[in-house]
Amino acid sequence: MTSRILIQNGTLITFGSPCRVLEGQALLIEDGRIARIAPREAIPGPFDQVLDARGQLVMPGLVNAHMHFYSTLVRGLGKAAPSCGFQEVLEHLWWRLDRQLTLADVEMSAEIILLDAVRKGTTTLVDHHASPFAITGSLDRIAQAVKRVGVRACLCYEVSDRDGAAIATEGLEENAAFARGCAKDPDPHLRALFGLHAAFTLSDRTLERAAGLGRDLGTGFHVHVAEAASDVAANRAEHGLTPVARLHGHGLLGRASIAAHCTHVTPADMDLLAEAGTFVAHNPQSNLNNAVGIADVQTLVQRGVRVGLGTDAMTVNMLEELRVGLWAQHLRQDNPTCAFMELANTLVARNPELASQLWGFPLGTLEEGAAADVILVDYHAPTPLDGNTVLGHLIFGISQAAVDTTICAGRVLMAGKKLQIGVDEAALAARSRELAVRLWDRF
Ligand SMILES: [Zn+2]
């Protein structure tokens with residue numbers, strides 16, 4: 001039976017380009033899609049559910065373009081040695097952690113952080129997974145958590161040569177197996193990319209094998225690119241190329257691919273990214289935390305690169321990430337009034353574009369025919385809210401407001417700030433703490 005949900009009395013913020021503000025419009029959800037946006041009286045009943053959004057904004061579920069679910073169980077871990085530089089951050093923390101992850105840890109990490117994503121109104125996440133001693137089946141375990149929670153995720157395994165040839169091969173095979181499964185048995189909650197760690201931990205041989213598999217499978221790639229200056233230095237020293245030029249040479253960049261970070265790229269790199277149509281995922285909080293520099297989003301966008309927004313596991317709150325991104329860009333450019341549109345568009349326009357591309361139907365905007373991924377946010381606008389002011393409201397006001405209701409694929413996942421998923425959060429967190437204690441003992 002068709003489920004019909006009507007959302008009425010709210011103020012709609014459409015996202016997309018332009019991002020519009022619609023008053024006096026109700027929104028009808030039918031069969032997991034937004035079926036109508038029209039005045040309430042123009043939408044005939046009956047309805048299975050009517051949501052009254054008085055005093056609330058109706059917005060699309062938010063999209064996170066670069067995420068690592070697997071880092072959830074690191075919260076509070078104080079055992080990593082202090083690090084001088086990004087390479088040591090990887091060696092002292094992340095590469096020690098991911099080597100200890102079990103499949104149970106992987107699935108728990110995903111489920112915990114996805115419940116948090118529902119609370120923050122983020123319904124589509126593009127994840128990049130690593131667990132080098134628990135690779136085979138890891139993406140299926142994450143997929144099970146994604147389906148239980150009810151959000152959408154695009155998954156991949158980050159192939160690397162850092163743990164030897166056998167583990168690199170297992171990573172290649174895990175990407176291929178998951179992508180084949182997605183193609184054979186399509187699920188509206190799941191998509192696949194082909195994951196690669198970063199050019200500095202990948203040999204030309206492995207890059208070639210990945211490129212061949214990706215071509216056969218028809219998937220794009222998801223790879224860290226020039227996150228730190230050390231990535232650039234290593235690739236120049238060993239291959240005489242920047243990471244962008246090297247990956248491009250292997251056919252790994254293009255419209256279907258995501259290059260995360262691009263903090264240290266040359267003007268020529270930017271032109272390659274723009275010409276190829278590669279999607280760059282900017283992760284400002286992570287870049288600040290790791291002290292690797294800040295991507296020059298203003299110049300990237302001006303040179304025609306598609307730049308969206310990820311969180312690199314720092315948060316699942318996309319509006320928080322956007323805010324910090326604007327402050328970071330001001331500091332990067334030494335200019336307190338620059339790059340407002342360039343930053344706002346990462347989340348409002350480019351991320352929905354990426355999600356729509358990955359899923360193959362409109363996603364991340366409020367429009368008739370788009371996926372019914374919708375959130376209701378408590379917000380009484382204290383100043384005029386319209387198409388001219390909405391981006392300022394998003395960054396300075398709505399980012400601090402509470403998400404009340406989260407709907408994904410037409411299913412209500414949270415209502416009145418209470419999860420409707422049927423999971424016992426306290427029990428899940430207790431089990432998670434048990435796994436975390438064991439993981440930290442092994443660390
Ligand atoms: Zn990352």
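Counting starts at 1 for both ligands and their atoms, in listed order. These figures come from a predicted structure and were not determined experimentally. Along the sequence shown, residues are numbered consecutively beginning with 1.
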Legend entry - Nearby protein N/O/S atoms (those under 2.8 Å) for the Zn ion (ligand 1), with water ignored: His66 NE2, His68 NE2, His224 NE2, Asp312 OD1
Legend entry - Polar side-chain atom of Trp440 near backbone of Leu73 as donor-acceptor pair, under 3.5 Å: yes
Inset, instruction - Considering only NZ, NE, NH1 and NH2 on the basic side and carboxylate oxygens on the acidic side, decide whether Asp204 and Arg246 come within less than 4.0 Å. - result: yes
Legend entry - Lys/Arg N to Asp/Glu carboxylate O, Arg162 vs Glu91, below 4.0 Å: no
Inset, instruction - Apply salt bridge (Lys or Arg N to Asp or Glu O under 4.0 Å) to Arg438 and Asp105, showing your working. - result: CA-CA 10 Å; Arg438 280 187 248 153; Asp105 295 334; over 6 Å; no
Inset, instruction - Determine the sole option in Ile167, Ile135, Val159 for which the side chain to side chain contact (heavy atoms under 4.5 Å, CB included) test with Leu172 is passed. - result: Val159
Inset, instruction - Identify whether the distance between the nearest side-chain nitrogen and carboxylate oxygen of Glu425 and Arg119 falls below 4.0 Å. - result: yes
